[in-house]
Structures are given as structure tokens and as C-alpha cells.
Amino acid sequence: MSARAHTFFAGPAILPVSVLEDTRDAVMDFAGLGVSIIEVSHRDKSFDKVIQEAQADTLAIAGLSAQEYSVLFLGGGASMQFAMVPMNFLRKKADYINTGEWSGKAIKEAKLIGEVIEAGSSKDSKFNHLPTALKFSPDADYVHITTNNTIYGTEWKTIPDARNVPLVADMSSDMFGIQRDFKKYSLIYAGAQKNLGPAGVTLVIIRKAWMEANGSTTIPTIMRYKTHADGLSLYNTPPVFGVFVLGRTLKWIMKEGGLTAVQKRNEAKAKLIYDAIDAHPSFYKGTVVHPADRSLMNITWTLPTPELEEKFLAEAKAKRMLGLKGHRSAGGIRASVYNACPMESAELLASFMNEFARANGH
Ligand SMILES: *Cc1c(COP(=O)(O)O)cnc(C)c1O
């Protein structure tokens, strides 16, 4: 295998080397059974252990109890959750906070089911900040928030108070990258391929009481959260491989010292890169206007011209830094520095940014 590159892709994204090694081994021989993890039955006892530990570890890291919450591993990506959430819970109206492309897609799906109120939006300023003047409807079925905006580089560090309305969060790109009060949420979902595992599995944490009392019972069986919760996420064949890798990543998070340690390292990595942006204000322009809104996970900035951005990307690639091109809808540069991104990669990127600015007259 060639030496590892410095990986800044937004998703699918970097995973810890030890997780890749465990996965490689399990692909060849899972649990000493002489079969691959991708050959074993999801009903086999050996896989029960994998899925049950992944559920228990998710709750342990989040500080939640199995009495109150169910953990599900579903297919369909976070995008399917955009539809499942309103199908299950939107009766009359729901509040959505519009902070980017992904929120917009969630809103679009919810509008197919019921009334959507935008409790706040930063669309008019190209999502370059998080809206502050939020207006919640006291009678909403739920409030939906996107905790980290993968494309525009904003992240809610403090979650606005939706009072007594159930809170639903798309945490796809910062799930377990930052400590949160997970008890505040009635439903959390996260496509694993950003910060937790491979594409193909979506983590869902749902408050049982809310699901039991409010989940629709007339939508197709597979679309109901209750179906998956009652079946311990084995109603149909779960994404076995994805669950395995996600499970290994959870063990890695715990070994690293849990969310406090992980967040501290993420803050240090992000600071290196934001400092490099701020050190050359006539050359690099951060796309997020309020420093408090800056994401720890996805760092976005522009250079003076598209030509300089191309040159920046080419030189970075020559130094084996991959995945720095901004999202096609936002342009510019984006460095995704998820949990598994090593400090050395952030250091290398920051020092390259300083060099590149100087070499180009700044
Ligand atoms: C990537 C992403 C999605 C879409 O995830 P899929 O798994 O591709 O459906 C949704 N929300 C956020 C915040 C994302 O970053």
C-alpha cells in the first residue's frame, strides 16, 4: 500500500487507520469464523454482538439511556431521513431552520407532507452565517435543525431553544465531532460517511416515547421508525458492512477519550487552518462572516481568483493533500477536518497555506 495521503474530502471521508485495519482483517476473516464480514448472516450470533455493541456504544458516547432511546442503522442516506422524518411526524406543521443546501432539501421533502414554516433562514446572504432571529411556532409538530452545514462551513455550537417542541437534528457532518446535550433531541440522524464510517449506513437515535406516541402507523412498514426500533434494527437486512465499520469507529472514539478529547483535538486542528486564513486577509477570505459560526469540521474559504484556486489545489495535490475543492454549488476551497483527520494533516495544510500566500505576493 502506498503511504497515506492527507485526506480532506467532505464525504465519504477519512477514517482512522486502526479502523481500516480492523475492517481489512474482518473482510478476510470475521471473528475467527473463517467467513468475511460481508459473507456472514445478519441473523448470526456473531453479528448480533456487532450491532448490539454499536447501539450500546452510540448511547454511551452520547450519554443516553437504552430505556429512553433506540439506535437504528438504516439505509438510504441522510437524504432518506429528509422524507422519513415528515412521513412519520409531520401532522400539521413543522418548523425548519434553513441554513444551507441540505436544510433546503429537508424542507423540500417536508413540504410534500405538510406545512413547513421557516423558523429562520440565511438564504438571502448565501448561507454565510447562522440566522439569529428565530421564530418558533408553539404548535409545531417538531423543529428541524442542521447542526453543521457541510457545504457552507457553519456550525451551531449552541443549539437555539425550541422550548417544548420536539427537536430533530441532521447531524450528518458533525455527529460525535463535538460534545452536545443529546438529551435535548427527539430524533438525531447522521449519514455515516462524513464522520462515522462508510457510505451506506445512516445512524438514527430516536426518543422512544415520542416515536410511540406520534409516529405514523399508516405509512409503508419500512418507512416507520417503530418498525426498525421494534426489530432492533434487523427488520430487514441492515447495511452489515457499514454497521461493522461504524462500530469500530465508535470504539476508536471511546479509546481516544470520548467526545471531550475528540472535540479538543478538532478545535486545535480547525484553529490552525482558520489562523492561516486570518493571517492573510487580502488573499484568503473565509466564507463565514461571524467567527462564532465557523465549523470545526468543514472549513471554507476563497482565493482572489479562480486561477489561483486551481493553482492552490494543484500544488496541494502535489503535496498529497486531497479533497480540498469546494462543493460544486459553493466553489472556493473546503477542508474537511473530521475526527479521523490527524493533527499532522492540519499542520501541513496550514503551513502550505502560509507558504502559498507568500509565494503569490501576500
Ligand atoms: C452529506 C449530507 C447529507 C446527505 O447525505 P446522503 O447520505 O448523501 O443522503 C445530508 N445532510 C448533511 C448535513 C450532509 O452533510
Side-chain angles (χ1 to χ4, degrees), residues 7-15 72-87 94 96-110 112 116 120-123 127-128 130-131 142-157 159 167-178 180 182 185 187-205 222-223 228 238-239 241-243 245-246 249 266 270 287-288 293-300 323 325-330 334-341:
T7 301
F8 298 97
F9 288 109
I14 191 163
L15 287 167
L72 316 174
F73 303 109
L74 306 181
S79 300
M80 196 165 91
Q81 298 306 305
F82 296 163
M84 264 178 87
V85 166
M87 284 175 90
Y96 277 70
I97 307 174
N98 189 3
T99 50
E101 296 262 317
W102 298 120
S103 314
K105 287 190 170 168
I107 288 169
K108 187 165 166 255
E109 295 308 298
L112 296 171
V116 171
S121 173
S122 48
K123 191 169 182 184
F127 303 116
N128 66 5
L130 295 171
Y142 59 86
V143 173
H144 182 282
I145 189 168
T146 312
T147 53
N148 184 73
N149 298 285
T150 327
I151 296 173
Y152 296 98
T154 56
E155 182 178 29
W156 295 95
K157 309 289 165 34
I159 298 297
L167 188 56
V168 174
D170 175 358
M171 293 197 186
S172 291
S173 51
D174 70 351
M175 185 70 194
F176 290 161
I178 184 169
R180 294 198 183 276
F182 294 97
Y185 301 86
L187 195 161
I188 294 164
Y189 62 91
Q193 74 274 18
K194 306 287 165 53
N195 206 22
L196 296 173
V201 57
T202 303
L203 172 66
V204 172
I205 306 177
I222 194 163
M223 303 307 287
H228 298 283
F241 178 75
V243 172
V245 182
L246 193 151
T249 308
N266 288 340
T287 60
V288 177
D293 294 346
R294 284 173 158 181
S295 170
L296 295 182
M297 302 270 94
N298 310 98
I299 301 173
T300 51
K325 196 174 166 62
H327 187 270
R328 56 199 148 79
S329 64
R334 169 175 57 179
S336 298
V337 284
Y338 296 119
N339 288 355
C341 172

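What you see is a predicted model; the values in this text were computed from it and never measured. Ligands are counted one by one from 1 in listed order, and the atoms in each one are counted from 1 as well.
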| Atom NZ of K157 with >12 non-hydrogen neighbours under 6.0 angstrom | yes
Minimum heavy-atom distance between [X] and [Y], given as atom pair plus value:
{"X": "F176", "Y": "N339", "result": "O-ND2, 2.7 Å"}
{"X": "P12", "Y": "A199", "result": "CG-CB, 4.2 Å"}
{"X": "A78", "Y": "S172", "result": "CB-OG, 3.3 Å"}

| message | Measuring from atom CD of E155 to atom CG of L296, what distance do you get when rounded to the nearest 0.5 angstrom? | response | 4.5 Å
| Using a threshold of 4.0 angstrom between heavy atoms of the protein and any atom of ligand 1, which residues qualify? | G77, A78, S79, F82, W102, T146, N148, T150, D170, S172, S173, Q193, K194
| field | Positive for side chain to side chain contact (heavy atoms under 4.5 Å, CB included) with P239, one of V245, V201, L74 | value | V201
